[in-house]
Each structure stands twice: as structure tokens, then as C-alpha cells.
Novice: 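Structure provided below as C-alpha cells; questions to follow.
First listed ligand is number 1; within each ligand, the first listed atom is number 1.
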Amino acid sequence: MTEQTHEFQAEVAKLLDIVTHSLYSEKEIFLRELVSNASDACDRLRYEALTNPDLIKDDPEFKITISIDEKARTLTIEDNGIGMSEQDMIDNLGTIARSGTSRFSEQLTGDASKDVTLIGQFGVGFYSAFMVADKVTVTSRRAGEETATVWSSEGHGSFAVEPGTKETRGTQIVLHMRKEAKEYLESARLRQIIKTYADHIAIPVILKSAAQGEEDETLNSASALWTRQKSEITPEQYTEFYHHVGQAFDTPWLTLHSRAEGRIEYTMLLFVPEQPPFDLFNPERKSQLKLYVKRVFITDDCEELIPAYLRFLRGVVDSEDLPLNVSREMLQHNPVLQKIRSGLIKKVLGELEKKATKDTENFAKFWGNFGAVLKEGIYEDTVNGERILKMSLFNSTGQEERTNLADYIGRMKEGQDAIYYITGEDLEALKSSPQLEGFAAKGIEVLLLADAVDSFWLSRVNEFDGKPFKSVTRGGSDLDKIADAEEKAEETDKTPPGDMDSLIALFKTVLENKVKDVRISSRLTGSPVCLVADEGDMDIHLEKLLKAHKQFGASDNLRILEINPKHPLIKKLAKNAQKNGSSTSLEDAALLLLDQAHIVEGDPVANPVAFSKRMADFMANSISN
Ligand code: ADP
Ligand code: MG
């Protein structure tokens, strides 16, 4: 087989273009990326060798070596990790294989200055090599295989792959340095970069001596960061480790380093990111926490270790009690792992509670990023759900900032004995829901719940601190019970409900089979009508959500149409109905008002043609010349 040329995936080509042509200031991070990959490769081989020790028999000491050739102007980074086959190289060094890639490429604007910031958040990985090199040659031999492959590219749209030779397993990356990147051929500079970015790497990073007779030099501490004493770790080291382990480039919002001793022993070093990761809302809800056993990396795909609602966490858990040769099957229903999991949840929730009470402003930031994820725990975690609910923050009518439930309860009106809420898809649309009008008029706060997850936990949780949750779109509104002074004064103005009887009777006849009931509303002040769900029926928004996910049979629950007796149109219609009885225009009015109520809910109009004809007729009748 001879050399084959391959095109880079479109996203990679874009990325390379930005990386090489725009002034991405932090060029030195190329070394962090390559050393990080080398360390991952060693971790992966160490794991494979647990079941297949022959793979590392001839060379059991993992290491990463860096060598400088000033004359040839090359920098070489080599590891004795797992290596890559030809196909691995084509797949891994020609695409962005990482999850979240599609979101990443969607967000690329083509405007270099904006994209550089995006890349800063996403990370450039292997391709950062082209920031300092105008040619990169990768020679790799997969552990356990005899043949090697050479990958090379100048970073302009394509790369070449051909068979090669390599004495030992692993990957060697030769960077042909650009003239302006000469500084990275100086040992002092490399020493400094490794100290800054890769000190936490658990494998030795060795700088090969340039001259004969000189000793090779180990540049890093080469002990796993989480095994060191807290007092010996600087914030910068924690941050760098977070970058490595979390493939993230922000500063962690929270760092949690703790050791559990006693019957079961484990160490965890966890981070809450400052910026939400790209894949946070992927339907797989995957966590990326890394599980180690006695310093050996086992997996970063372990559902048993951490619940999905904490998937924003990054970091490692290192257990002393699991066997090293733990298999995937063993991880399921493993009692040790279950203990670690519950310990981890307790610790994390405890830290978050502290922030929620002592550092509210900062906690609000966290909540903005991850609240919608954490809330999944309210219904998924039967043990800790209540704790999560307690620290949860919600948008609420009349409140600038999000509020917690205790504060909401503190502001409840006299006579109010429920926590009122409305759910929907869009916060702004929710704010103008007609069902809120009566509550606003009486100054009663209503929680505005716009996350999809809200409908789910609400279907499980009935109350908080003895106060039931009540949807303002369901059941009677209780508003009469919470009457206040102003409302009483207005009472005299109210058209006596008696006058509405004929109109309601007429609406009921016309809308039979379309609504469950027609009744007078106490929750409306400005709008003529609204729809509500009957007391025992499912909340309108939840039903919509379930239908969208095909979780609910085709049967539609009919809604109740509430009419506002104070609205001028309703008043007129009521008078007309009382005087003249049924008529075509009153029937049209009933149908039109129902369609309107549906439109306000964001529902489609059942029959748009009939709707628009009726509307035109109605307008023609009502506009006098
Ligand atoms: P990431 O590390 O986030 O996956 P990179 O761009 O840094 O992204 O690397 C892409 C992939 O290339 C890695 O996931 C890995 O599969 C492969 N790779 C890179 N460097 C090495 C290496 N030194 N040894 C083995 N595989 C490597
Ligand atoms: Mg990488």
C-alpha cells in the first residue's frame, strides 16, 4: 500500500484555518494538548493491559518524552501508550470526534475573532499542533500490533496516510516548527510550559537531553494530582487539571477535593464548570466523570457512578476497594460503587446548599447554567429530591431575581395556602398568560416555570413545606378566597353573574364536544376568555409535552372555557343573549373566542379556514358605516 490522501472533515478544515491564520494568542497550549493526549493514550493502554498484560510486558513503564532537534527545527513528542491503527488515525486525526461537535460547528461564524473565543471554550486538541508547526508527522503503532502507520499534513485541507515502521508501541508526533515558533525549541521554555500545564499528569514527562552525557530530565511531578495533599495544590494546578480531565477551558466554578476514609475508601476531585458544556442537553444525558481504581483509569462512561442530574460535574473518582480488573458487568449493581455514588451525591449537594445559603449571588449564576439539569433530580432521586427542591430557584411574577420556595412562601398573601405556578415553553410568553391576570391584580406571586423538566417534577411532587403546588391553569382559581381590600371595593362594579346565565347556556350548547365546561372566571381581568384544565385533569402544558414525546394516548382532555364577566365584549354578548336568545353571530362569537383561547395557549386553530371566514363575517357585522 502506498500513500493515500484524505480530506479533512469540513469542521476540521474550518478549525485549522482559524488556528493557523488568526492570531490565537495562546500558542503554547499546543504542548498541553499533545501531552494530554499522550497521557490519555497511556491510561487507555494501562486499562487494556489489566485483562491483557502481554500488551505492556516488554515495556511496562509508561512515559512521555519530548526531544528537541534544533538543527532540523523539530520538536518530537512521543508516548508508549495505546497507539493508533491506520483506521484510528483516519478517524481521529481527520475529524472532531468529540461529542458536541455538531453544536460546535453550528456556532462557528466565520468571523475569526468570534470563533477564536469559541475555540477557547471548546479546545483545539490535536489540531493545535498547527499553531506552531507547518508540517506535522505522526507515526503510530497500536499496542499488540506489528505494523505502524505514518500520518502527515501541512494543515491545508488534507492529510496523507502511509505504512511506516516503528520499533515500539505508541505514538510519535514530529512537529516541523514554524520560524516564528523557535522559542518552543528551547528547553527552558518547554520546562516552564510543562510545569504550568502538565504538572498534574500522572505519567512522567521527560525532556531528552540535547547533548550526549547529559541526563534526561523529568519535568513534572508525575503523581496523580488527586492523591496529593490539598495544601500542596495551588488553585492554578487545580484549574489545569480541570482543563485536562474535563476537556474544558474555563475556570471551575467549584472545586471539590475530598477523601472518604473508613469502611470504603475513595478520593474524589470534582469540578463544577463555570460555563455550561456543549453537550449538557444531549438526550443521552451522559456523564464524563472518570473512574479510577487505585490510580488506574477504568472508564469515563459509568452511569452507576453518578446520576444523570449531576452530569455537569467533571473530574475523577478513585476507589481503593474495587478490584482492578473490574469489568463493565461488575460495575452494575456493585455495592461499593453504590456507596461511592451516594457519598458523592451527598457531598456535592452539601456543597451546593452551602453556596445557596451563603453565597446567593454566585449560586444564582450556577443555577442559570445548571439549574435545569439539577432539577431532574427532584423527581429522579427519591432520597435527595427534596433537598434539591429546597435549593431550587424559580422565576416568579413580580420578582427581578429568581426566588427559592422558602422566600416565596414568606411573601404569600393572607388567605393564600398554595404555591401557584404556570408552566410553558417560553418565559416571556408565560409572563403574558391570561390566567395570570387575576393573580397579578391581587398581587399574588405565581412561579413561571419554563424548563421542560418542571412539568415532570411537578407531576411527582405535591407540596413543599406543607403548601401544595397549584397550577393557575387548572381547577378553580381560589382567587375569591384571597380577596383583598381593593378587590372588595370593585365588587359593586361587577356585573352580577346572574346576567351571564343565558350566555353561558348558549356557549355550552354551541361548544358542546369542544370544551368540558363553560364558566365564569375570577382569574381574568383584561382578557375575555381563557382555557383551564379541570381539577382532576392533567395540566395543559404537561399534557402537551407528553404528547410531543408520544407518551400519552391520542385522547385529548377537553378544557374548561372561562369567560371574563367584566370584559366589555362578554358583557355585550351577555346582554344580547339575554334579550334575543341564540343567533348566528352569538354562535360565531362562541367559536371565535374558543379559537382565540387556543391561540393564546400556543395551540393550532382546529380549522383555520372556518376561523378566518367567521372572523371576517363577525368584523363585517360589527363595523358600521
Ligand atoms: P480529544 O483528546 O479531545 O479526543 P484530540 O484532538 O486531542 O481530541 O485528539 C483526537 C483523538 O486522537 C483522541 O481522542 C485519540 O483517539 C487520538 N489521539 C490523539 N493523540 C493520541 C496519542 N498520542 N495516542 C493515541 N491516540 C491519540
Ligand atoms: Mg486531546
Novice: Does atom CD of Glu303 have more than 12 heavy-atom neighbours from other groups under 6.0 Å away?
Specialist: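 Atom CD in Glu303 is not packed in, count stays at 12 or less.
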Novice: Any salt bridge between Asp17 and Lys14, counting N to O under 4.0 Å?
Specialist: no
Novice: Could you tell me whether Asp40 and ligand 1 have an N or O pair separated by under 3.5 Å?
Specialist: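 No, no N or O pair falls under 3.5 Å.
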Novice: For ligand 1, does Arg44 get within less than 4.0 Å through its side chain, its backbone, both, or neither, judged by non-hydrogen atoms?
Specialist: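 The part of Arg44 near ligand 1 is the side chain, not the backbone.
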Novice: Is it the case that ligand 1 has an N or O less than 3.5 angstrom from some N or O of Tyr127?
Specialist: no
Novice: Is there a polar contact, in the sense of an N or O pair closer than 3.5 Å, between Phe126 and ligand 1?
Specialist: yes
Novice: Under a 4.0 Å N-O cut-off, is there an ion pair linking Lys195 with Glu240?
Specialist: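 Salt bridge between Lys195 and Glu240, a charged N being under 4.0 Å from a carboxylate O: no.
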Novice: Hey, is the Mg ion (ligand 2) within less than 2.8 Å of some N/O/S atom on Ser36?
Specialist: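 No - counting backbone and side chain alike, Ser36 has no N, O or S atom under 2.8 Å.
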Novice: Can you tell which part of Ile173 has a heavy atom less than 4.0 Å from ligand 1: side chain, backbone, both or neither?
Specialist: neither
Novice: Under 3.5 Å between any N/O of Asn37 and any N/O of ligand 1: does that happen in this structure?
Specialist: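 Between Asn37 and ligand 1 (N or O atoms, distance only) the closest approach is under 3.5 Å.
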Novice: Give the atom numbers and elements of ligand 1 that come within less than 4.0 Å of a heavy atom of Gly125.
Specialist: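 With Gly125 as reference, the close atoms of ligand 1 come out as 5 (P), 6 (O), 7 (O).
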Novice: Please confirm whether Glu33 approaches ligand 1 to less than 4.0 Å, judged on its heavy atoms.
Specialist: no
Novice: Heavy atom under 4.0 Å from ligand 1: found in Leu93's side chain, backbone, both, or neither?
Specialist: side chain
Novice: Evaluate the side-chain proximity of Met268 to Asp318: yes if any heavy-atom separation is below 4.5 Å, no if none is.
Specialist: no
Novice: Could you tell me whether Lys355 and Glu361 make a salt bridge, using a distance below 4.0 angstrom between a side-chain N and a carboxylate O?
Specialist: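 Answer for the salt bridge query: no.
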Novice: Using 4.0 Å as the upper bound for N to carboxylate O, is an ion pair formed by Glu376 and Arg285?
Specialist: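 Glu376 and Arg285: salt-bridged.
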Novice: Keeping the roles fixed (side chain from His257, backbone from Trp226), state whether a donor-acceptor pair exists under 3.5 Å.
Specialist: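 Such a contact is found between His257 side chain and Trp226 backbone.
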Novice: Given Asp88, Ile82, Asn92, which has its nearest heavy atom closest to atom 12 (O) of ligand 1?
Specialist: Asn92
Novice: Could you label the plane-to-plane angle of the Phe271 and Phe241 rings as parallel, tilted or perpendicular, counting under 30° as parallel and over 60° as perpendicular?
Specialist: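 Phe271 and Phe241: tilted rings.
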